[in-house]
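Here is the structure we will look at.
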Amino acid sequence: MAKKKQILVIGNNENGSNPELDKIAYETGMEIAKSGSVLVTGGLGGVMRAACHGAKDADGLTVGIIPQNDPSFANEYCDIVIPSGIGLARDFLNALSADGVIIIGGGSGTLSETCAAYMYKKPIVAIKNTGGIAEMFADKYLDHRQNVLIVAVDSPKDAVKYILEKINSA
(Lines give C-alpha, C1' and ligand atoms only; values in the text may rest on other atoms or scores of the structure.)
Protein backbone atom coordinates (compact mmCIF):
# COMPACT_ATOMS: atom_id res chain seq x y z
CA MET A 1 0.00 0.00 0.00
CA ALA A 2 1.31 3.44 -0.93
CA LYS A 3 2.00 6.03 1.75
CA LYS A 4 -0.84 8.51 2.16
CA LYS A 5 -0.10 12.12 1.27
CA GLN A 6 0.19 14.41 4.30
CA ILE A 7 -0.96 18.00 3.88
CA LEU A 8 -0.27 20.59 6.56
CA VAL A 9 -2.77 23.41 7.07
CA ILE A 10 -1.42 26.43 8.93
CA GLY A 11 -2.96 29.73 9.94
CA ASN A 12 -4.43 31.77 12.74
CA ASN A 13 -4.97 30.26 16.17
CA GLU A 14 -8.23 31.06 17.96
CA ASN A 15 -6.89 34.46 19.04
CA GLY A 16 -6.60 35.64 15.42
CA SER A 17 -9.12 33.59 13.51
CA ASN A 18 -12.63 34.62 12.54
CA PRO A 19 -15.71 32.92 11.08
CA GLU A 20 -14.60 33.61 7.49
CA LEU A 21 -11.15 32.03 7.99
CA ASP A 22 -12.71 29.13 9.89
CA LYS A 23 -15.09 28.48 6.97
CA ILE A 24 -12.18 28.42 4.50
CA ALA A 25 -10.19 26.13 6.81
CA TYR A 26 -13.18 23.82 7.25
CA GLU A 27 -13.57 23.54 3.46
CA THR A 28 -9.82 22.93 3.12
CA GLY A 29 -9.98 20.09 5.63
CA MET A 30 -12.90 18.58 3.73
CA GLU A 31 -11.01 18.77 0.42
CA ILE A 32 -7.95 17.12 1.96
CA ALA A 33 -10.07 14.28 3.33
CA LYS A 34 -11.93 13.84 0.02
CA SER A 35 -8.56 13.51 -1.74
CA GLY A 36 -7.63 10.58 0.52
CA SER A 37 -4.81 12.57 2.10
CA VAL A 38 -4.06 12.97 5.80
CA LEU A 39 -4.58 16.39 7.36
CA VAL A 40 -1.73 17.55 9.60
CA THR A 41 -2.11 20.66 11.78
CA GLY A 42 -0.67 22.21 14.91
CA GLY A 43 -3.64 20.59 16.65
CA LEU A 44 -4.92 23.63 18.53
CA GLY A 45 -7.75 26.12 17.82
CA GLY A 46 -8.78 28.55 15.10
CA VAL A 47 -7.81 27.50 11.58
CA MET A 48 -6.32 24.25 12.91
CA ARG A 49 -9.54 23.22 14.67
CA ALA A 50 -11.75 24.24 11.73
CA ALA A 51 -9.61 22.28 9.23
CA CYS A 52 -9.70 19.20 11.47
CA HIS A 53 -13.48 19.56 11.84
CA GLY A 54 -13.90 19.68 8.05
CA ALA A 55 -11.67 16.66 7.53
CA LYS A 56 -13.54 14.66 10.18
CA ASP A 57 -16.91 15.57 8.64
CA ALA A 58 -15.59 14.12 5.36
CA ASP A 59 -14.39 10.94 7.13
CA GLY A 60 -10.72 11.94 6.91
CA LEU A 61 -7.77 11.26 9.20
CA THR A 62 -6.36 14.15 11.24
CA VAL A 63 -3.05 14.55 13.03
CA GLY A 64 -2.32 17.32 15.53
CA ILE A 65 1.27 18.04 16.53
CA ILE A 66 0.88 20.22 19.60
CA PRO A 67 3.56 22.26 21.40
CA GLN A 68 2.52 21.03 24.85
CA ASN A 69 3.41 17.74 26.52
CA ASP A 70 -0.23 17.09 27.52
CA PRO A 71 -2.49 15.68 24.77
CA SER A 72 -5.58 17.27 26.33
CA PHE A 73 -4.57 20.60 24.72
CA ALA A 74 -5.40 19.24 21.24
CA ASN A 75 -8.70 20.11 19.62
CA GLU A 76 -11.47 17.52 19.72
CA TYR A 77 -11.19 16.73 16.00
CA CYS A 78 -7.63 15.32 16.15
CA ASP A 79 -7.54 11.56 15.60
CA ILE A 80 -3.84 11.32 16.37
CA VAL A 81 -2.27 13.72 18.84
CA ILE A 82 1.48 14.11 19.05
CA PRO A 83 2.29 16.08 22.21
CA SER A 84 5.76 17.31 21.25
CA GLY A 85 6.59 19.02 24.54
CA ILE A 86 9.01 21.28 22.65
CA GLY A 87 6.96 24.44 22.42
CA LEU A 88 7.33 26.55 19.33
CA ALA A 89 10.10 24.33 17.95
CA ARG A 90 7.25 22.00 16.98
CA ASP A 91 6.75 24.24 13.94
CA PHE A 92 9.63 22.35 12.33
CA LEU A 93 7.99 19.00 13.10
CA ASN A 94 4.80 20.23 11.46
CA ALA A 95 6.62 21.35 8.32
CA LEU A 96 8.75 18.23 8.06
CA SER A 97 5.72 15.96 8.58
CA ALA A 98 4.04 17.44 5.52
CA ASP A 99 4.35 16.65 1.85
CA GLY A 100 2.86 20.08 1.14
CA VAL A 101 1.56 23.13 3.02
CA ILE A 102 -1.57 25.29 2.75
CA ILE A 103 -1.56 28.74 4.40
CA ILE A 104 -4.79 30.39 5.54
CA GLY A 105 -4.15 33.84 7.04
CA GLY A 106 -1.67 33.50 9.85
CA GLY A 107 0.67 35.37 12.13
CA SER A 108 4.19 34.82 13.44
CA GLY A 109 3.67 31.12 14.23
CA THR A 110 2.44 30.57 10.70
CA LEU A 111 5.47 32.44 9.39
CA SER A 112 7.75 30.15 11.39
CA GLU A 113 6.12 27.06 9.88
CA THR A 114 6.23 28.62 6.42
CA CYS A 115 9.95 29.33 6.79
CA ALA A 116 10.64 25.76 7.89
CA ALA A 117 8.68 24.35 4.93
CA TYR A 118 10.43 26.78 2.58
CA MET A 119 13.89 25.76 3.80
CA TYR A 120 13.01 22.12 3.12
CA LYS A 121 11.51 23.00 -0.28
CA LYS A 122 8.01 21.75 0.44
CA PRO A 123 5.29 22.85 -1.99
CA ILE A 124 3.42 25.76 -0.40
CA VAL A 125 0.20 27.52 -1.36
CA ALA A 126 -1.48 30.56 0.14
CA ILE A 127 -5.23 30.98 -0.12
CA LYS A 128 -5.95 34.49 -1.42
CA ASN A 129 -7.94 37.04 0.55
CA THR A 130 -7.30 35.39 3.92
CA GLY A 131 -4.94 38.12 5.16
CA GLY A 132 -1.86 37.68 7.31
CA ILE A 133 1.09 35.63 6.15
CA ALA A 134 -0.93 34.11 3.29
CA GLU A 135 -1.53 37.56 1.83
CA MET A 136 2.00 38.85 2.48
CA PHE A 137 3.75 36.03 0.66
CA ALA A 138 1.23 34.95 -2.00
CA ASP A 139 3.03 34.48 -5.33
CA LYS A 140 6.40 35.33 -3.75
CA TYR A 141 9.58 33.69 -2.59
CA LEU A 142 10.64 34.19 1.03
CA ASP A 143 14.17 35.18 0.08
CA HIS A 144 16.90 35.39 -2.55
CA ARG A 145 17.38 31.60 -2.62
CA GLN A 146 14.03 31.17 -4.34
CA ASN A 147 13.67 27.70 -2.84
CA VAL A 148 9.97 27.45 -3.60
CA LEU A 149 7.39 29.88 -4.88
CA ILE A 150 4.46 30.31 -2.48
CA VAL A 151 1.67 29.99 -5.02
CA ALA A 152 -1.52 32.01 -4.55
CA VAL A 153 -4.76 30.09 -5.10
CA ASP A 154 -8.40 31.15 -5.02
CA SER A 155 -10.02 28.33 -3.09
CA PRO A 156 -9.51 25.31 -0.83
CA LYS A 157 -10.21 23.03 -3.80
CA ASP A 158 -7.51 24.78 -5.87
CA ALA A 159 -5.10 24.57 -2.91
CA VAL A 160 -5.44 20.82 -2.50
CA LYS A 161 -5.34 20.22 -6.26
CA TYR A 162 -2.11 22.21 -6.64
CA ILE A 163 -0.40 20.56 -3.65
CA LEU A 164 -1.28 17.08 -4.88
CA GLU A 165 -0.03 17.85 -8.39
CA LYS A 166 3.30 19.05 -6.95
CA ILE A 167 3.61 16.03 -4.63
CA ASN A 168 2.78 13.57 -7.41
CA SER A 169 5.24 15.15 -9.85
CA ALA A 170 8.14 15.11 -7.36
Side-chain angles (χ1 to χ4, degrees), residues 5-18 21-22 24-29 31-32 37-55 61-69 71 73-75 77-78 80-143 145-153 156 159-160 162-164 166-167 170:
K5 308 295 188 265
Q6 296 174 193
I7 301 175
L8 176 66
V9 172
I10 58 177
N12 297 83
N13 203 334
E14 66 271 351
N15 65 358
S17 198
N18 60 52
L21 291 181
D22 289 349
I24 293 167
Y26 179 90
E27 292 170 6
T28 303
E31 290 296 329
I32 290 169
S37 301
V38 175
L39 171 67
V40 180
T41 72
L44 301 176
V47 162
M48 296 170 278
R49 181 181 184 277
C52 288
H53 188 180
L61 180 64
T62 63
V63 177
I65 304 172
I66 63 172
Q68 299 88 352
N69 63 357
F73 283 93
N75 74 63
Y77 300 105
C78 291
I80 299 167
V81 177
I82 301 171
S84 71
I86 59 173
L88 299 176
R90 78 79 151 84
D91 292 352
F92 277 82
L93 288 177
N94 293 352
L96 287 170
S97 295
D99 296 309
V101 180
I102 298 172
I103 309 169
I104 302 169
S108 61
T110 302
L111 179 58
S112 174
E113 289 167 305
T114 302
C115 289
Y118 182 85
M119 292 301 293
Y120 287 97
K121 299 179 181 172
K122 305 283 182 171
I124 306 170
V125 299
I127 298 181
K128 292 180 191 175
N129 303 313
T130 59
I133 298 306
E135 211 66 34
M136 276 188 234
F137 294 103
D139 284 331
K140 295 180 183 168
Y141 295 98
L142 287 180
D143 67 12
R145 286 175 275 223
Q146 298 185 356
N147 284 348
V148 78
L149 179 67
I150 299 172
V151 174
V153 296
V160 174
Y162 177 84
I163 290 292
L164 289 175
K166 292 301 274 186
I167 294 168

Any donor-acceptor pair under 3.5 Å linking the side chain of [X] with the backbone of [Y]?
X: D99; Y: Q6; result: yes
X: N13; Y: N15; result: no
X: D22; Y: A50; result: no
X: E135; Y: N129; result: yes
X: Y118; Y: N147; result: yes

Which atom of [X] lies closest to which atom of [Y], heavy atoms considered:
X: V148; Y: P123; answer: CG2-CA, 4.3 Å
X: A74; Y: V81; answer: CB-CG2, 3.6 Å
X: G100; Y: I167; answer: N-CD1, 4.2 Å
X: N18; Y: L21; answer: OD1-N, 2.8 Å
X: K128; Y: A152; answer: CE-CB, 3.7 Å
X: C52; Y: T62; answer: O-CG2, 3.8 Å

To the closest 0.5 Å, what do you measure between [atom1] ([X]) and [atom2] ([Y])?
X: I163; Y: K166; atom1: CD1; atom2: NZ; value: 9.0 Å
X: S84; Y: F92; atom1: OG; atom2: CZ; value: 13.0 Å
X: M48; Y: N94; atom1: CE; atom2: CG; value: 9.0 Å
X: I150; Y: K140; atom1: CD1; atom2: NZ; value: 9.5 Å
X: Q68; Y: R90; atom1: CD; atom2: CZ; value: 7.5 Å
X: D91; Y: L111; atom1: CG; atom2: CG; value: 9.5 Å

Query raised in the report: Heavy-atom count around Y141 OH within 6.0 Å, excluding the residue itself: above 12?
Result: yes
Query raised in the report: Just wondering, more than 12 heavy atoms not from L88 lying within 6.0 Å of its CG?
Result: no
Query raised in the report: Looking at residues at least two apart in the chain, or sitting in another chain, which of them share a side chain to side chain contact (heavy atoms under 4.5 Å, CB included) with I80?
Result: L61, V63, I82
Report summary line: Sequence neighbours excluded, the answer for side chain to side chain contact (heavy atoms under 4.5 Å, CB included) partners of A117 is A95, V101, K122, I124
Requested in this report: Could you walk me through whether L8 and S97 pass the side chain to side chain contact (heavy atoms under 4.5 Å, CB included) test, one step at a time?
Outcome: CA-CA 8 Å; L8 176 66; S97 295; over 6 Å; no
**Report entry** Single hit among L39, V40, L164 for side-chain contact (heavy atoms from CB on, under 4.5 Å) with I7
**Finding:** L164
Query - Test applied, side-chain contact (heavy atoms from CB on, under 4.5 Å); reference residue, I104; option that passes from I127, T110, N12, I10 - result: I127
Query raised in the report: Checking side chain to side chain contact (heavy atoms under 4.5 Å, CB included) for the pair V151/Y162: CA distance, chi angles, key distance, verdict?
Result: CA-CA 9 Å; V151 174; Y162 177 84; 3.3 Å; yes
Query raised in the report: How would you list, by chain and number, every residue that makes a ring-ring contact (aromatic ring centres under 6.0 Å, His included) with Y26, sequence neighbours excluded?
Result: H53
Query raised in the report: Is there side-chain contact between P156 and I102, with at least one heavy-atom pair below 4.5 Å?
Result: no
